Amino acid sequence: MGTFYLSTPIYYVNALPHIGHSYTTIVADAIARYRRLSGDKVFFLTGTDEHGQNILQTAEEKGISAQEQADDVVSHYYELWRDLGISHDDFVRTTEPRHHAGVADIVARIDAADDFYVGKHEGWYCPSCETFYTEKELGADKTCPDHGRPTEWKSEENIFFRLSKYQEPLLDWYRSSPGPVQPATRSNEVMRFVESGLRDLSVSRAGLPWGVPFPGHEGQTVYVWLDALTNYLSALGLGGAAGEAGLLEEYWLSGAGPRVHLVGKDILRFHAVYWPAFLLSAGLPLPTTVWAHGWWLRDQRKVSKSVGNIVQLEPLIDRFGSDPVRYFLLRDMVFGQDASFSDEAFVDRFNSDLANDLGNTVSRLVKLSRTAYDGKTPPEACGDNPIKSAAEEAVKGYREAMDGFAFHKALSHLWRLLSEVNQYLVAREPWKSIGAGNTDSSVSRVLWNGLEGVRIVATGLLPVMPQVAQEVLAAVGTTDVPSDLSALEWGRTPLSVPLPESPQLFPRVDKKVFFSTEPDSAAVAKQQKNVGEEEMTDEITIDKFFETQLKVGTVTAAAAIPKAKKLLKIAVDLGEDEDRQLVAGVAEHYDPEDLVGKQIVVVANLKPVKLMGVESRGMMLAGSADGRPILIHPDSAVPPGTPVK
RNA sequence: GGCGGUGUAGCUCAGGUGGUUAGAGCGAGCGGCUCAUAACCGCUAGGUCAGGGGUUCAAGUCCCUUCACCGCCA
């Protein structure tokens, strides 16, 4: 029994969450739930990174403030984490005052160690990625290697951090046992990188209005990583009124319990080099583990916004519930490696593991037991049998795997036990005795053993599928949710208690039907691949297109929105009971009075959003020429509400 | 280019320090059973362990090399 600190990265609010964010957070949640059940006092932290030029720019394009942009995206995270059953203890946002206080505090500590100095930072700068590049990294015509956009020569005074000073201390840390950077192959990469020599790091930007002002340096803003990484401690109260007492002392400064950062492999360097260097300088304890996991791939490519092969989990969550999605992600990825995602792999996993193995085993046991014992669990238990030894072995393997973050292994141990239960039932054939009217103690023991095996599996599933695990437990006669893992011990299925009629926990999915109504996006992408790499992400099916409802509407009113440069509030007659209110970013090019009476084309089924506090329930279509909107009109007047296709 | 990794049955992957007929799950085929969600149980899979060379009594497992893919190199 101890403390356990666990963090996900904080996610950038420039775009909506995708499978990568969900995966990291689900993994963290499973670990957090497992540690809590193991008796640890857990602090599980997630949050959002809300500063930087990109946020500002995205907000500007939408005609909203940076804070509104952040608030909007954060609301999606809140919703998704709720839908996925994430049990975080805190959610930190870098725009919060407590985070600013934390950043100020760590800056003061590093400053006290004399690890900052003012220097000149210059090079070819890409505004999109906010990064300086060296000459040889640039593409043709000095374009950004990432975005292909032109870079500009930029030279500014920045504050530098003496990263080079920490080369040896960092190497000592990596070599300490057990290795703090996991898995081992990542640790090697990081060590080679550090061995090759560390350059000092620019940790401020001049004239960046959206961020934490650099204390003591007018006009400088704390640069992204020093700002963002500090969330791990600002959430515990670093720089706060409570000083170093409370959470910060308990989970971090005392150095007592594990301090684990879960990260994607793309941001490993920041967590395994910069962050520990900052902490060394600040005189604060280092994390005990930085765990870099792999990526979900689709068509052999990383799932990302820029590639356009985003995997959205929401449709699967809507259709199957969050727990099967959690199960799939944890079962199908070898933690640490990459894995490929496909709807078909999900459905296969669902049918074979959840429907056939787990669901069906529950059904058959419950039915047999209810039939033999008048709707109750069996009256007699059994202390020594093949299922008991199989369960003990499974629990041992499960615990070892969970302790080592090997979720796929932990789950396969549980499924091995389910398989033993099924084999056992076939060997004993209790239905024959029951059919013959025999429900003596041997039948009771057989059924009780089966139920007990399933109960143990369900208990082990609590961290992975919290909701489903409880349903399974209830289905096999255990209505009290176990509060700790002692429930993995043999022998707790109660005797002769009412057993509810077996619910269909995981109705089998007919793949033919499923894929005829819901086309496998991986298969679609594959077809498109034949057309050519470049076009792959540009083409959509006609079905996809018709998901967008376009209608012609007549503008009935238009007015400027106070304090908004680009926005107009517009009322449109779409042939509905009342006019639709839209907010459109056309104020710089259209006067409100010119719009009234005009017919426009509107996306009618767009999710409503609030812009500058005004609700917008749709979007009007416009061509975009050099950023200037040109409204689209029908060729001749049509009734309001006329569909466009 | 430098450093590191991967390539094993249709698919996803296991295979410490070299040693009997190379394994698991899924899928497929055949058989059984009928309590159960067309489920469950059993059997079957003839895989040049990417290619080539070498060390050894013996190599998927060590060495060299070729090929393909991937990661890190601010």
Side-chain angles (χ1 to χ4, degrees), chain A residues 121 123 129 131-134 136-137 145 161 163-164 181 183-203 225 264-270 272-274 277 292 294-295 297 300-302 328 331-334 336-342 344-372 406 408-409 411-413 415-416 418-436 443 446-447 450 454 475 501-512:
Chain A
H121 195 204
C129 41
T131 305
F132 284 88
Y133 290 101
T134 60
K136 68 174 184 193
E137 286 171 327
F161 169 70
L163 183 60
S164 54
V181 180
T185 167
R186 298 292 159 206
S187 181
N188 280 336
E189 277 178 18
V190 170
M191 285 176 71
R192 292 299 93 78
F193 170 73
V194 174
E195 280 167 2
S196 74
L198 292 175
R199 291 207 301 264
D200 289 345
L201 185 71
S202 163
V203 291
W225 285 105
K265 61 185 186 179
D266 48 334
I267 52 173
L268 177 61
R269 203 177 64 228
F270 306 104
V273 182
Y274 301 169
W295 286 329
L297 306 175
Q300 303 306 310
R301 302 168 78 169
K302 184 195 175 191
F328 173 79
R331 178 64 185 79
D332 253 46
M333 181 182 270
V334 177
Q337 297 181 15
D338 290 348
S340 53
F341 181 93
S342 74
E344 189 173 5
F346 176 85
V347 173
D348 285 345
R349 198 49 98 175
F350 182 88
N351 277 341
S352 96
D353 289 11
L354 297 180
N356 296 353
D357 292 339
L358 182 55
N360 181 58
T361 307
V362 170
S363 289
R364 67 194 307 202
L365 281 165
V366 169
K367 181 74 185 301
L368 285 167
S369 212
R370 281 175 54 85
T371 306
H408 66 292
K409 242 188 223 175
L411 291 167
S412 72
H413 277 114
W415 256 254
R416 174 83 212 138
L418 280 176
S419 170
E420 297 281 350
V421 168
N422 277 316
Q423 287 169 38
Y424 176 75
L425 288 175
V426 169
R428 301 303 162 102
E429 298 181 307
W431 44 89
K432 286 197 171 158
S433 306
I434 295 167
V443 171
V446 167
L447 295 185
V454 170
E501 197 170 330
S502 167
Q504 182 101 320
L505 291 166
F506 308 99
R508 232 184 115 75
V509 177
D510 185 326
K511 278 174 82 174
K512 280 199 195 101

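Given the structure is predicted, the values throughout are model-derived calculations rather than measurements. Each chain gets a letter, A, B and so on, in the order the sequences are listed, and its residues count up from 1.
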* Asked: Could you state the CZ-P distance from Arg364(A) to U34(B), rounded to the nearest angstrom?
  -> 12 Å

* Asked: Does the gap between the ring centers of Phe328(A) and Phe341(A) come in under 6.0 Å?
  -> yes

* To do: Would you mind telling me which residue lines up with the more 5' stretch of RNA chain B, Arg186(A) or Arg416(A), judged by nearest nucleotide?
  => Arg416(A)

* To do: In whole angstrom, give me the gap between the P atoms of G4(B) and U66(B).
  => 15 Å

* Comparing Ser419(A) and Leu425(A) on RNA chain B - which has the more 5′ nearest nucleotide -> Leu425(A)

* To do: Determine whether the aromatic ring centres of Tyr274(A) and Trp225(A) lie less than 6.0 Å apart.
  => no

* Which of these nucleotides, G71(B), C33(B), G42(B), is closest to any side-chain atom of Trp431(A)? -> C33(B)

Show me the donor-acceptor pairs, under 3.5 Å and distance only, between side chains in residues 193-200 of chain A and residues at least two apart or in other chains.
{"residue": "Glu195(A)", "atom": "OE1", "partner": "Arg192(A)", "partner atom": "NE", "Å": "3.0"}
{"residue": "Ser196(A)", "atom": "OG", "partner": "Phe193(A)", "partner atom": "O", "Å": "2.6"}
{"residue": "Asp200(A)", "atom": "OD1", "partner": "Leu163(A)", "partner atom": "N", "Å": "3.2"}
{"residue": "Asp200(A)", "atom": "OD1", "partner": "Ser164(A)", "partner atom": "N", "Å": "3.0"}
{"residue": "Asp200(A)", "atom": "OD1", "partner": "Ser164(A)", "partner atom": "OG", "Å": "2.7"}
{"residue": "Asp200(A)", "atom": "OD2", "partner": "Tyr117(A)", "partner atom": "OH", "Å": "2.7"}

* To do: With P as the reference atom in both, quote the distance from G16(B) to G60(B) in angstrom, rounded to an integer.
  => 13 Å

* Residue Asn360(A), side-chain atoms from C-beta onward, closest of G71(B), C40(B), A74(B) -> C40(B)

* Sort out the partner of U61(B) for me: Watson-Crick or G-U wobble, both distances under 3.5 Å, none otherwise. => none

* Asked: In whole Å, what is the span from the CD atom of Glu344(A) to the C1' atom of C26(B)?
  -> 11 Å

* Asked: Can you check whether Leu268(A) reaches Val181(A) side chain to side chain, under 4.5 Å on heavy atoms?
  -> yes

* If you look at every strand shown and take non-hydrogen atoms under 4.0 Å, does Asn356(A) touch a base, only sugar-phosphate, or nothing? -> sugar-phosphate

* To do: Scan Leu268(A) against the nucleic acid and name what it touches under 4.0 Å (heavy atoms): base, sugar-phosphate only, or nothing.
  => nothing

* Give one of base, sugar-phosphate or nothing for Gln423(A), where a contact means two heavy atoms less than 4.0 Å apart. => sugar-phosphate

* Listed partners of Asp357(A) passing side-chain contact (heavy atoms from CB on, under 4.5 Å), at least two apart -> Asp353(A), Trp415(A), Leu418(A)

* Asked: Which of residues 190-203 of chain A sit near RNA chain B, with a heavy atom under 4.0 Å from it?
  -> Arg192(A), Phe193(A), Gly197(A), Leu198(A), Arg199(A)

* Quick one: look up who U34(B) pairs with, Watson-Crick or G-U, both distances under 3.5 Å, and put none if it's unpaired. => none

* Asked: When you measure from the side chain of Lys432(A), which nucleotide among U34(B), A74(B), U37(B) comes out closest?
  -> U34(B)

* Give the rounded distance in Å between these two atoms: CG of Asp357(A) and P of G25(B). => 11 Å

* Rounded to whole angstrom, note down the C1' distance from C67(B) over to G51(B). => 7 Å

* If you look at every strand shown and take non-hydrogen atoms under 4.0 Å, does Asn422(A) touch a base, only sugar-phosphate, or nothing? -> sugar-phosphate

* **Distance, rounded to the nearest Å, where Asp338(A) contributes CG and C69(B) contributes C1'** => 12 Å

* How many Å lie between CG on Leu411(A) and P on U12(B), as a whole number? -> 20 Å

* Asked: Has the side chain of Asn351(A) got a donor or acceptor atom that lies under 3.5 Å from a matching backbone atom of Arg508(A)?
  -> no

* To do: Please give the nucleotide sitting opposite U56(B) as a Watson-Crick or G-U wobble pair, both distances under 3.5 Å, or none.
  => none

* To do: Grab the CG-P distance between Asp266(A) and C70(B) for me, whole Å please.
  => 17 Å

* Asked: Can you list the steps and then say if Thr185(A) with Glu189(A) is a side-chain hydrogen bond (donor to acceptor under 3.5 Å, both in side chains)?
  -> CA-CA 7 Å; Thr185(A) 167; Glu189(A) 277 178 18; 4.6 Å; no

* To do: Find the distance Tyr424(A):OH to C35(B):P and express it as a whole number of Å.
  => 19 Å

* Side chains of Asp348(A) and Lys511(A) in contact at under 4.5 Å (non-hydrogen atoms) -> yes

* Expressed as a whole number of Å, how far does the P atom of G15(B) sit from that of A50(B)? -> 15 Å

* Asked: Base, sugar-phosphate, or nothing: which does Arg269(A) touch, judged by heavy atoms less than 4.0 Å apart?
  -> sugar-phosphate

* **P spacing across the pair A28(B) / G7(B), given as an integer number of angstrom** => 27 Å

* **Distance between P atoms of G54(B) and A58(B) (Å, rounded)** => 12 Å

* Please state how far atom CG in Asp332(A) lies from atom P in C26(B), giving the value in whole angstrom units. => 13 Å

* Asked: Mind checking the C1' distance from G47(B) to U37(B)? Whole angstroms is fine.
  -> 34 Å

* Any side-chain heavy atom of Asp266(A) within less than 4.5 Å of one from Trp295(A)? -> yes

* Using a heavy-atom cut-off of under 4.0 Å over every strand shown, decide if Asn351(A) touches base, sugar-phosphate, or nothing. => nothing

* Base paired to C43(B) (Watson-Crick or G-U; both N/O distances under 3.5 angstrom) -> G29(B)

* Pairwise C1' distance, C49(B) and A14(B) [rounded to whole Å] -> 13 Å

* Asked: Who is the Watson-Crick or G-U wobble partner of U6(B), with both distances under 3.5 Å?
  -> A68(B)

* Taking the side chain as every heavy atom from C-beta outward, state whether Leu365(A) and Val421(A) have any pair of such atoms under 4.5 Å apart. => yes

* To do: Scan every strand shown for a Watson-Crick or G-U wobble partner of A24(B), both distances under 3.5 Å, and answer none if you come up empty.
  => U12(B)

